[in-house]
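Down below is the structure, laid out as structure tokens.
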Amino acid sequence: MNDMRIVERLVSTNEIKIAARDVNVHYGSSHALKGVDVDILNGHVTAFIGPSGCGKSTFLRCLNRMNDTIPSAKVTGSILLDDEDIYDPKVDPVRLRAKVGMVFQKPNPFPKSIYDNVAYGPKIHGLTRSRAELDEVVETSLKKAALWNEVKDRLHAPGTGLSGGQQQRLCIARAVATSPEVLLMDEPCSALDPIATAQVEELIDELRTQFAVVIVTHSMQQAARVSQKTAFFHMGNLVEFGETGQIFTNPHDPRTESYISGKIG
Amino acid sequence: MPLFWTFLIVLAIAALAFVLGRRGAVARTAGDSRQLHSLPSYYGWYSFILAAVPALVVMIMWIFVQPIVVEMRTVSALDLPEAVSTADQNAAMRQVRTVAMAVQDALASGAMTKDQLAAFATDPAPMGQALRDAGSSMLVTVTPTLYNAVDVYLGTSNMLAWIMTVVIIGLSLAGVFVAISRCRPDFRARNAVEKVTMSILVMASVIAIFTTVAIVVSMVFETTNFFSQHSWIDFFFGTTWSPAFQGQSQLGLLPLLWGTLYISFIALLVAVPVGLFTAIYLSEYATRRMRSIVKPLIEILAGIPTIVYGLFALITVGPLLRDYFAQPLGLGTSGSSVMTAGLVMGIMLIPFVSSLSDDIINAVPQSMRDASLGLGATPSETIRQVIVPAALPGIVGAILLAASRAIGETMIVVLGAGAAAQIGLNPFEAMTTITVKIVSQLTGDTDFNSPETLVAFALGLTLFVITLGLNIVALYIVRTYREQYE
């Protein structure tokens, strides 16, 4: 815990992007998430921490309705994105996922070229009118993901041929290309080495100027390094949610303190 | 002593060896089996193997060698002239064997005693009748030379059989002693048994390979035989198939090859879309319950014998196509047609394509689906743009494997497409395939020296080369596909 540094960063806005109230998730008969209330702010990185199986990934997958793809999952409560309930029957989950992008734990580029990987989202949603416009979207997305300089000469090489860290940044570029408003990241660095991790973390900090970023992580140091808000989950409950500095230095709940200091989890 | 009894005795000795080896090893540690290198039963199995395997191997070799020795001694007893031809010698040997068999049967059933048999030595002429009275159906007249040869034949066989029994049982017992003396506590019985297990597995796989090689060699042999009697230009480039057993037959491969490819093409036209869409539905859309019902039902199709499909083609599909399509459209009046056979064969191939493609689609990692759905793609966009391209090499492999089955299919074609060898584009006309002609050239009374019969082997080899080529391409594609994800 000695290398943990709390970085206070300027946060420009405080407007609420996503407001979740009393969210419950059941997988068949198991109650995976119990009455969670969380506000995700624009321009912030919000970190979800907690031991394995605590419900943090489950909650993340509620935010873009990826739980819909699991037949046994049942979600109740309300999640408002810009004051609109995303579980309202009128909302098309497919459109929602274009607005709420997701980066997964393991880099999962499609077995296509680097260019086609990034262009996938814009093509599906018809976001561009010409080839030149698409080229531009691909370029800016790769630049946002800090990958442009490394791949600009081999855009048509397969995406699976990149290194692990590059693949993960490619996946970030792919998610960014649909110009989402929120970016969900499910342990994006757990399959990466320390150098690639540092690059992705730096990237996350830059991305929060454009999107609300939510990151699930097992590494408390990472949560402390990249986030402004931290939520601690334990056994399906949201134990504590607050400023990252406060959570790590002065937790209110004894469970948070014992997790932070390494006694549980 | 019959072979079967020898075999049982060897097994009994080996079972005894198991008990002795196990006990001996344990006894040498004064009852504390923890001091043994291996578990006690491994010492038992080691002894069992040593008692059984060498004895049985010798037995098998003996079975192969014995007839050769017997034959050599009998031939010299027959006293044939120096310049005798192989065919004559074989005919003489056949006679000896027939009589010997009859004598053995007569002795075994008690219709003739050994003394009676010996009495024929001076005058063997009535022996044939005596054997016929004893129930034999052989018609050979027994001459003194033949009697002599039969005597030598039976004597040698008997003697060798006895020697074999003694040698094998002796070998088995020797194995027991060697095993027991080796089963000391520090002996690595476990490793020894492991080695034997491995060699059994190696042998099993070698058998399959050897058989394939033997099949190919015999085909190549007969095919060269065919080409020495018939022009290869006519075979490969001839467009007429009209075998005539009086000679002057035209044996062109092309009409048969055309029929084969045409029918297979129609079959794939049916099987590939239906099978592939089924696989996509089952792996991407169906609920677990639906899948558990539909998948076995489809696989039942794969269990139906092809002759039943053939009957379906002959009785139902053929007349249906003729009455509702071919005749109203003026395309033909034949119930047997390329279309009938192709459609039914396509139905037969559906489960083949669907279950292979299903496995391949399921092998595409879930993370690919998550990535695509997470970007806001619908399930069908995900399937079209991510899953099918990722699974494509495997699907192509599955289709090629299905194609090689279609090419080798016989029964459905016989009953569905008829036996008329011709080249044409009308799918409502009767045509036929390579496999059907192989069957028709080899059934009935055939002389294995005429080109009309031998052509079957050339056809078979051609078919083999085509399907082998398809299978190699399919396996190559499937393998490159697998490398992508593992």
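Residue numbering restarts at 1 for every chain, and letters A, B, ... go by the order of the sequence lines.
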Fill in the blank from the handout: Cut-off 4.5 Å, heavy atoms of chain A, and the answer for B/Ser372 is both
Practice task
For side-chain contact (heavy atoms from CB on, under 4.5 Å), just list the numbers for B/Leu375 and A/Arg97, CA-CA rounded to whole Å, side-chain angles, deciding distance to a tenth of an Å, and then say yes or no.
Solution key: CA-CA 6 Å; B/Leu375 285 167; A/Arg97 290 183 199 134; over 6 Å; no
If I take atom [atom1] from residue [X] and atom [atom2] from residue [Y], how far apart are they, to the nearest 0.5 angstrom?
{"X": "B/Leu373", "Y": "A/Asp68", "atom1": "CG", "atom2": "CG", "value": "10.0 Å"}
{"X": "B/Gln366", "Y": "A/Thr69", "atom1": "CD", "atom2": "OG1", "value": "7.0 Å"}
{"X": "B/Ile387", "Y": "A/Phe110", "atom1": "CD1", "atom2": "CZ", "value": "9.5 Å"}

Practice task
For residues A/Ile124 and B/Ala377, report the shortest heavy-atom separation together with the two atoms involved.
Solution key: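 Nearest heavy atoms, A/Ile124 then B/Ala377: CD1-CB, 3.3 Å.
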Heavy-atom distances under 4.5 Å only: say whether [X] touches chain B with side chain, backbone, both or neither.
{"X": "A/Lys99", "answer": "neither"}
{"X": "A/Pro180", "answer": "neither"}
{"X": "A/Val103", "answer": "neither"}
{"X": "A/Arg174", "answer": "both"}

More than 12 heavy atoms of other residues, nucleotides or ligands under 6.0 Å from [atom1] of [X]: yes or no?
{"X": "A/Asp88", "atom1": "CG", "result": "yes"}
{"X": "B/Phe265", "atom1": "CZ", "result": "no"}
{"X": "B/Phe236", "atom1": "CZ", "result": "yes"}
{"X": "B/Arg190", "atom1": "CZ", "result": "no"}
{"X": "A/Glu136", "atom1": "CD", "result": "no"}

Handout entry: Under 3.5 Å donor-acceptor, A/Lys112 side chain and B/Gln385 backbone
Key = yes
Handout entry: Minimum side-chain heavy-atom gap B/Ser367-A/Phe104 below 4.5 Å
Key =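 They are not in contact (no side-chain heavy atoms under 4.5 Å apart), so the answer is no.
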Handout entry: Note, A/Pro111 side chain near B/Met368 side chain (heavy atom, < 4.5 Å)
Key =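 Yes, at least one pair of side-chain atoms sits under 4.5 Å.
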Problem - Option in A/Met66, A/Arg61, A/Met102 with maximal non-hydrogen atom pairs under 4.5 Å from chain B - result: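 Heavy-atom pairs under 4.5 Å are most numerous for A/Met66.
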